[in-house]
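Structure, as structure tokens:
What you see below is based on every heavy atom in this structure, not just the backbone, and it leaves out hydrogens, waters and symmetry mates.
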Amino acid sequence: MTDELRSKILSFTAANISAQVATTLTGIFLARTLSLEDLGSYRQVILLVSTGGGIFALGLPLSLFYFLPRLEARDERARFAGQTLLLLSGIGLVVALLAVGLSSWIALRLNNPALEGLIPVAAPLFFTGLLVKYVAPVFLSLDRARLAGIFRLIQSFSVSGVLVALVAMGFPLARALVGMAVAEGLSLLVAYRLQHRILPLRLGMDPSLLKPQLLYALPLGLSGMVGLLSRQVDQFMISAFMDPGRFALYSVGATEVPIVPLLVGSAGSVILPRLAGHFAAGEKDGYARLFQGTQRKLALLCIPVTVGFMALARPFLVFLYGEEFSASVWVFRIYGLIQLNRLFLFGFLLQSLGLTRIVLLGEVVFMTLNVVGNYFLLRWIGFLGPALATEAAGLVIMSFNTWYVGWRKSIPRRQLYAVGDIARILGVSAVSGGAAAWAATLPHGVFLQLVVGGLVYLPLVLGGLMLLGVLRADERPWDILRRRRLP
């Protein structure tokens, strides 16, 4: 991984982490301000908006990663970007109207009458949510990672700030949702202004570009649609069979440690065009080195962070949200296991190889397993069943993807995956996490439990990784900081 690429990943990741911090703090504020029922209603609206955006984007934003680097003429790139934006705008308008028309049916199915009034006022969020998905891919595909990060910060801080301000002033949830839509719309205007400086929009449909875009995007979009639905099955099951308050408890637990999806998503988005370029040029060795190197770097940070939060889940959730959210602890821990699956970067791997139909096949199988598993485990185990079913289905699909890439593309697994380092990092983190969890039971008060657990966990993890030789000399945090201070 070159210094230039590493710098772009870090800048985009830093922006995403800052934005996620704002979103997380907003969630904590709402959990401590709203009733469980109102919090559940808000989270259900956001669940519907994010699911709608993920389903109906149809893979169009992701097609920007694949085609923009390949189009040599500036005018072609401008027309392709404008065509993508126009398609997403039309789809967003249809989705918003559908949400309004189906609001009564959705409220009935999700066991929450309040949604009948909230969904129509939140309809603009379905429209803006689709347009937001266009911005980062177009900037990253044009090699403007910093602009992608700037937009992420503007969008997140403006939406979160308006939401917190309106709730703090005592406005009802419906008004707060309207404010969110206005803030997001204004942030999109800023993004389009920034894009115009580097690539003016050419709105319109170009048949010579539209056909290959749809052939690439639709299988990917269908797989994304199925994949998103299957990943949200557990939350929809909880909504359908339990009350909004119980859903609020589950949804707080069903939260990934923010830094992990942000790091993985940011790194994957930045390396995806380069992976595709390596493979198109027949450079399998370069492809494997870039992929494995990225995976190993992600594992060095993501595994210890995830396991640490899993070990200290109870004091962490109670400190942030309150004692009643101790019921969310085991859901949070199971979701920690689920997010570790992200480190294998399968979505980016298959996309870069052009295997969008295999992505779709895998997601269909994943959804089938997940729906069946969610239903039966919810009936047999109860509250934790859906989370366990999601993890089990994910492991099955991971195994299939690993086998298929090695067989179909003749890239040996040992070249692609940093299995040895990942196993050592996981082992050190698990042992350190066990010690930290025990130490956290000694003091009284959740804040002291977090402090004591963290003070035990961090030195054990760092010491173990250095002892096993996994953490190299140039990767030690203090050495990195020292080098940055040097002129």
Legend entry - Steps toward side chain to side chain contact (heavy atoms under 4.5 Å, CB included) verdict (Leu177, Val45): CA-CA 9 Å; Leu177 292 171; Val45 169; 4.2 Å; yes
What heavy-atom pair brings [X] and [Y] nearest, and what distance separates the two atoms?
X	Y	result
Gly59	Ala217	O-CB, 3.6 Å
Leu125	Val49	O-CG1, 3.7 Å
Leu166	Ala176	CD1-CA, 3.7 Å
Ile425	Ala299	CG2-O, 3.7 Å
Ile46	Met180	CD1-CE, 4.0 Å
Leu312	Ala436	CD2-O, 3.9 Å

Check: [Y] and [X] side chains under 4.5 Å, non-hydrogen atoms:
X	Y	value
Tyr321	Ser328	no
Leu62	Pro137	no
Phe241	Phe236	no
Val456	Trp438	no
Leu340	Leu426	yes
Met310	Leu337	yes
Ile422	Ile303	yes
Leu163	Tyr42	yes

Inset, instruction - Check the pair Phe139 / Phe151 against ring pair (Phe, Tyr, Trp, His ring centres under 6.0 Å), numbers first and verdict last. - result: CA-CA 10 Å; Phe139 282 141; Phe151 168 74; 7.4 Å; no
Spatial distance of atom [atom1] ([X]) from atom [atom2] ([Y]) [nearest 0.5 Å]:
X	Y	atom1	atom2	result
Phe319	Ile28	CZ	CD1	8.5 Å
Leu108	Ser103	CG	OG	11.5 Å
Leu118	Leu173	CG	CG	5.0 Å
Leu186	Ile154	CG	CD1	11.0 Å
Arg333	Ile338	CZ	CD1	15.0 Å
Leu98	Ile106	CG	CD1	9.0 Å

Inset, instruction - For Glu116, check side-chain hydrogen bond (donor to acceptor under 3.5 Å, both in side chains) against everything at least two apart and list the hits. - result: Ser104
Inset, instruction - Tell me, please, which residues at least two apart from Arg424 pass side-chain hydrogen bond (donor to acceptor under 3.5 Å, both in side chains). - result: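 Residues passing side-chain hydrogen bond (donor to acceptor under 3.5 Å, both in side chains) with Arg424: Asp421.
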Check: [X]/[Y] side-chain N/O donor and acceptor closer than 3.5 Å:
X	Y	result
Asn112	Ser41	yes
Gln235	Ser251	no
Gln155	Ser187	no
Asp234	Tyr335	yes
Gln339	Thr306	yes

Legend entry - Results of side-chain contact (heavy atoms from CB on, under 4.5 Å) for Leu384 - residues two or more places apart only: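 Result, side-chain contact (heavy atoms from CB on, under 4.5 Å) vs Leu384: Trp330, Val331, Ile334, Ile381.
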Inset, instruction - Evaluate whether atom CZ of Phe157 has more than 12 neighbouring non-hydrogen atoms of other residues, nucleotides or ligands under 6.0 angstrom away. - result: yes
Inset, instruction - Please say whether more than 12 non-hydrogen atoms of neighbouring residues, nucleotides or ligands are located less than 6.0 Å from CZ in Arg175. - result: no
If the condition is ring-ring contact (aromatic ring centres under 6.0 Å, His included), which residues does [X] pass it with, not counting sequence neighbours?
X	value
Trp105	none
Tyr250	Phe383
Phe29	none

Inset, instruction - Take Val132 and Glu184 through the test side chain to side chain contact (heavy atoms under 4.5 Å, CB included) and record every step on the way to the result. - result: CA-CA 8 Å; Val132 164; Glu184 192 160 74; 3.8 Å; yes
Legend entry - Test side-chain contact (heavy atoms from CB on, under 4.5 Å) applied to Phe247 and Leu36, Val252, Leu47, Asn111, the passing residue: Leu47
Inset, instruction - Could you walk me through whether Ile119 and Val100 pass the side chain to side chain contact (heavy atoms under 4.5 Å, CB included) test, one step at a time? - result: CA-CA 6 Å; Ile119 290 175; Val100 174; 5.8 Å; no
Donor-acceptor pair, distance only, cut-off 3.5 Å: does the side chain of [X] make one with the backbone of [Y]?
X	Y	value
Asn374	Asn370	yes
Ser63	Leu60	yes
Arg43	Leu249	no

Inset, instruction - Report the C-alpha distance between Met237 and Val233 in whole Å, list the side-chain angles of each, state the deciding distance to 0.1 Å, and finish with yes or no for side chain to side chain contact (heavy atoms under 4.5 Å, CB included). - result: CA-CA 6 Å; Met237 285 282 187; Val233 162; 3.9 Å; yes
Inset, instruction - For the pair Arg314 and Glu323, find out whether any cationic side-chain nitrogen is under 4.0 Å from an anionic carboxylate oxygen. - result: yes
